[in-house]
Amino acid sequence: MSILPALAVQFQALFPATAHGARRSRWFILTLQAILVPITASRTSNLLRAIATLFGVVIAQSRYYTFMASVKLPWTRVWETLWRAIPDPLTAGRLLLALDDSLNPKTGRKVFGCQTTFDHAAKANQSRYPWAQTIVTVEAGFREIKQEDCGGPTNRRKIP
């Protein structure tokens with residue numbers, strides 16, 4: 001996580017050097033931080049609540065929704081900045097990505113960051129649509145996956 005402060009500074013530089021641009025860059029960084037907190041579902045309403053609850057920043061709902069729907073967010077430059085932050089993403093000339101989604105089932109209707117989610121890995125005696133917090137993890141540019149790291153045989157498939 002030591003790369004996050006450096007990335008935050010780079011992301012803030014992508015926005016215009018005006019009062020409006022400074023406010024939008026601050027909201028953008030707060031949104032990324034709210035997404036990275038493992039108890040937050042990445043839906044706009046949950047992100048807005050997380051920003052208020054975790055960081056103490058209150059943003060009017062209509063202003064935040066307008067910000068999130070803006071076509072002026074510099075996504076291309078954000079991805080370029082993020083990509084340049086990965087030191088050496090290729091392994092044997094290929095890019096390796098690992099994506100994992102985990103559900104953290106909860107009870108009670110007022111649990112922060114929960115939603116009804118389809119569980120594609122549910123067993124026969126488990127609910128297919130549990131009330132849960134969803135956690136998504138992405139790993140890029142790792143070197144090698146060993147069988148002992150996976151707890152079993154490694155599935156290796158060539159990607160064209």
Side-chain angles (χ1 to χ4, degrees), residues 1-91 93-121 127 129-145 149 159:
M1 289 277 208
S2 62
I3 194 171
L4 292 179
L7 280 175
V9 170
Q10 293 176 34
F11 287 155
Q12 287 175 331
L14 300 176
F15 289 85
T18 62
H20 183 65
R23 182 171 51 245
R24 290 178 56 190
S25 72
R26 175 78 174 128
W27 292 357
F28 186 77
I29 298 303
L30 287 170
T31 301
L32 291 179
Q33 289 174 325
I35 290 170
L36 292 173
V37 174
I39 59 170
T40 306
S42 297
R43 295 190 309 195
T44 305
S45 59
N46 289 338
L47 293 173
L48 185 57
R49 277 194 294 268
I51 290 169
T53 304
L54 300 173
F55 307 115
V57 177
V58 178
I59 304 169
Q61 184 176 6
S62 62
R63 295 193 80 182
Y64 187 70
Y65 283 3
T66 301
F67 161 73
M68 290 295 287
S70 173
V71 295
K72 294 183 179 180
L73 287 175
W75 287 114
T76 302
R77 291 179 297 173
V78 166
W79 287 117
E80 289 170 357
T81 302
L82 194 56
W83 184 254
R84 283 193 304 271
I86 300 171
D88 185 16
L90 300 180
T91 301
R94 293 175 182 231
L95 175 65
L96 301 177
L97 291 176
L99 179 68
D100 178 55
D101 62 328
S102 302
L103 295 179
N104 188 14
K106 298 290 181 181
T107 58
R109 299 309 287 176
K110 295 184 179 181
V111 178
F112 179 75
C114 280
Q115 63 189 16
T116 301
T117 306
F118 176 72
D119 186 0
H120 60 87
S127 171
Y129 292 90
W131 180 251
Q133 296 168 333
T134 305
I135 301 167
V136 177
T137 308
V138 178
E139 176 75 28
F142 47 86
R143 288 283 154 222
E144 182 179 347
I145 301 174
D149 295 337
I159 301 172

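For the single chain, residues carry numbers from 1 onward in sequence order.
- Between atom CH2 of residue Trp27 and atom CG of residue Leu30 there is a gap of 10.0 Å, rounded to the nearest 0.5 Å.
- When every heavy atom of Ser70 is checked against every heavy atom of Lys72, the shortest pair comes out as OG-N, 3.0 Å.
- Nearest heavy atoms, Cys114 versus Lys106: SG-CG, 3.5 Å.
- Annotation: side chain of Arg77 is in contact with side chain of Glu80 (closest heavy-atom distance under 4.5 Å).
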side-chain contact (heavy atoms from CB on, under 4.5 Å) between Ile51 and Gln33: does it pass, once the steps are laid out? CA-CA 8 Å; Ile51 290 169; Gln33 289 174 325; over 6 Å; no
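- Residues Gln61 and Leu48 come closest through the heavy atom pair CA-CD2, 3.7 Å.
- Leu82 has its side chain out of reach of Gln10: every pair of non-hydrogen atoms, C-beta onward, lies at least 4.5 Å apart.
- In this structure a side-chain-to-backbone donor-acceptor pair under 3.5 Å is present from Trp131 to Gly108.
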Start with the C-alpha gap between Ile59 and Phe67, add the side-chain angles, then the distance that decides, and say whether side-chain contact (heavy atoms from CB on, under 4.5 Å) holds. CA-CA 10 Å; Ile59 304 169; Phe67 161 73; over 6 Å; no
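- Contact of the Arg26 side chain with the Val57 side chain is registered, since non-hydrogen atoms from C-beta on lie closer than 4.5 Å.
- Within a 6.0 Å radius of CZ in Arg23, more than 12 heavy atoms belonging to other residues, nucleotides or ligands are found.
- The aromatic rings of Phe15 and Phe28 are tilted relative to each other, their planes meeting at an angle between 30° and 60°.
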Determine, stepwise, if the pair Met68 / Leu47 fulfils side-chain contact (heavy atoms from CB on, under 4.5 Å). CA-CA 10 Å; Met68 290 295 287; Leu47 293 173; 4.3 Å; yes
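- Considering all non-hydrogen atoms of both residues, Pro130 and Asp119 come closest at CD-CB, 3.9 Å.
- Heavy-atom minimum distance, Leu103 versus Phe118: CD1-O, 4.4 Å.
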